[in-house]
Asker: 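Sharing a structure, written as structure tokens. Questions coming.
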Amino acid sequence: QWTVEGVTVRDAYASGIAARYTDGAWTVRDTTLQGPASDGIDASQSVSGWEADNVTVSNADNGIRAFNTSGAWTVSDSRLRNSSGAGIDVSRSSATWTVVASTVRNSSDAGIDAAFSSGAWTVRESAFVYNGVRGAAQSGTPAGEATRDCAGSGRGPPGVTGAGRVDAS
């Protein structure tokens with residue numbers, strides 16, 4: 001088990017925090033990641049529980065990349081903005097995941113991309129603003145729970161893409 005807490009990383013050579021292929025609990029808390037060359041947090045293919053709490057990511061490829069994860073993970077009280085990809089990429093994941101009290105803003109792709117995922121998910125009390133792709137279901141993605149969320153922009157409601165039967169309009 002490990003924790004990154006109270007850290008600011010600017011202009012990282014690759015991901016702000018690279019946690020790919022991890023097996024075991026870990027936490028990133030009270031941390032700012034600005035302008036990494038790749039993803040803010042790359043948790044791709046991790047197999048155990050992890051948490052990002054009070055994390056700010058700006059100007060990354062994906063704010064958080066949780067591609068092909070399993071286990072359970074949570075993003076809470078976090079701000080992900082100005083991603084050239086998705087705010088959170090959870091595509092092809094079998095994880096049980098939760099996003100709560102977080103804001104995803106100005107992602108060129110979706111606020112959350114859950115295409116072809118199979119795990120249960122919950123999004124609560126979160127805002128998705130000015131993201132590039134409107135929410136749409138993708139093959140294999142189960143319905144989840146989305147409550148007390150805000151989605152909207154001048155380009156149409158962006159919300160969660162690939163997240164089952166969610167209507168972000």
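All values below come from the heavy atoms of this structure, side chains included, with hydrogens, waters and symmetry mates left out. Quantities reported herein were computed from a predicted structural model and do not represent experimental measurements.
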Asker: Between Asn54 and Asp77, does any side-chain donor sit less than 3.5 Å from a side-chain acceptor?
Answerer: no
Asker: Mark yes or no for whether Ser38, through its side chain, and Ala14, through its backbone, hold a donor-acceptor pair below 3.5 Å.
Answerer: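 Here the side-chain-to-backbone pair does not exist.
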Asker: Which of these passes side-chain hydrogen bond (donor to acceptor under 3.5 Å, both in side chains) with Asn62: Asp42, Asp39, Asp113?
Answerer: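 That would be Asp39; it is the only one of Asp42, Asp39, Asp113 passing the side-chain hydrogen bond (donor to acceptor under 3.5 Å, both in side chains) with Asn62.
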Asker: About how many Å separate OG of Ser102 and CZ of Arg79, when rounded to the nearest 0.5 Å?
Answerer: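 Rounded to the nearest 0.5 Å, the CZ-OG separation comes to 7.5 Å.
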Asker: If you look at every heavy atom in Gly6 and Thr31, which pair is closest and at what distance?
Answerer: N-OG1, 3.7 Å
Asker: Would you kindly confirm whether Val7 and Leu80 end up in one hydrophobic cluster when ILVMFWY residues are joined by side chain heavy atoms under 4.5 Å apart?
Answerer: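 Yes, it is one cluster - the side chains of Val7 and Leu80 are joined through contacts under 4.5 Å.
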Asker: Can you tell me how far the CZ atom of Arg20 sits from the CD atom of Gln45, to the nearest 0.5 Å?
Answerer: 5.5 Å
Asker: What heavy-atom pair brings Gly40 and Ala60 nearest, and what distance separates the two atoms?
Answerer: N-CB, 3.5 Å
Asker: Taking the side chain as every heavy atom from C-beta outward, state whether Thr27 and Glu5 have any atom pair closer than 4.5 Å.
Answerer: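 When only atoms from C-beta onward are counted, Glu5 and Thr27 do not touch, as no gap falls below 4.5 Å.
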Asker: Test Trp121 against Val90 for side-chain contact (heavy atoms from CB on, under 4.5 Å), laying out the working first.
Answerer: CA-CA 10 Å; Trp121 57 269; Val90 64; over 6 Å; no
Asker: Of the non-hydrogen atoms in Asn131 and Arg105, which two are nearest, and what is the gap between them?
Answerer: OD1-C, 3.7 Å
Asker: Tell me whether Trp97 shares a hydrophobic cluster with Val100, the cluster being built from Ile, Leu, Val, Met, Phe, Trp, Tyr side chains joined at under 4.5 Å.
Answerer: no
Asker: Side chains of Ile88 and Val99, heavy atoms from C-beta outward: is any pair under 4.5 Å?
Answerer: yes
Asker: Give the intermediate values and the outcome of side-chain contact (heavy atoms from CB on, under 4.5 Å) for residues Asn59 and Gln34.
Answerer: CA-CA 6 Å; Asn59 303 314; Gln34 298 173 337; 6.0 Å; no
Asker: Test of understanding: clusters of I, L, V, M, F, W, Y form through side-chain heavy atoms closer than 4.5 Å, transitively. Do Val55 and Trp2 belong to the same one?
Answerer: yes
Asker: Would you say Ser126's side chain and Val123's backbone share a donor-acceptor pair under 3.5 angstrom?
Answerer: no
Asker: Once rounded to the nearest 0.5 Å, what's the spacing between atom CH2 of Trp50 and atom CH2 of Trp26?
Answerer: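 Spacing of CH2 (Trp50) from CH2 (Trp26) equals 5.0 Å.
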Asker: Report yes if some heavy atom in the side chain of Val75 is under 4.5 Å from a heavy atom in the side chain of Thr98; otherwise report no.
Answerer: no
Asker: In the single-linkage hydrophobic clustering (I, L, V, M, F, W, Y; side-chain heavy atoms under 4.5 Å), do Trp73 and Phe67 co-cluster?
Answerer: no
Asker: In Å, rounded to the nearest 0.5 Å, how long is the span from OG1 of Thr69 to CD1 of Ile64?
Answerer: 11.0 Å
Asker: Can you name the nearest heavy-atom pair linking Ser117 to Arg92, along with the distance?
Answerer: OG-N, 3.3 Å
Asker: For Ser46 and Ala43, indicate whether the former's side chain and the latter's backbone hold a donor-acceptor pair under 3.5 Å.
Answerer: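 Yes, the answer is positive, given that a donor and an acceptor are paired below the 3.5 Å cut-off.
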Asker: State, without any angle test, whether Arg65 and Ser44 hold a side-chain donor-acceptor pair at a distance under 3.5 Å.
Answerer: yes
Asker: Begin with the C-alpha distance, continue with both residues' side-chain angles, and end with the deciding distance and a verdict on side-chain hydrogen bond (donor to acceptor under 3.5 Å, both in side chains) for Asp109 and Ser107.
Answerer: CA-CA 5 Å; Asp109 199 352; Ser107 296; over 6 Å; no
Asker: Tell me the closest heavy-atom pair linking Ser93 and Ala66, and the distance in Å.
Answerer: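 That would be CB-O, 4.1 Å.
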Asker: Flag the pair Arg81 / Thr103 as yes when at least one side-chain heavy-atom distance between them is below 4.5 Å, and no otherwise.
Answerer: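 Not touching, per the 4.5 Å side-chain cut-off.
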Asker: Within the 4.5 Å heavy-atom criterion, are Ser91 and Phe116 side-chain neighbours or not?
Answerer: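 They are not in side-chain contact.
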Asker: With a 4.5 Å cut-off on side-chain heavy atoms, are Pro36 and Ser15 touching?
Answerer: no
Asker: With a 4.5 Å limit on heavy-atom distance, are the side chains of Leu33 and Ile41 in contact?
Answerer: yes
Asker: How long is the straight-line distance from CG of Asp61 back to OG of Ser83, given to the nearest 0.5 Å?
Answerer: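 With rounding to 0.5 Å, OG (Ser83) is 8.0 Å from CG (Asp61).
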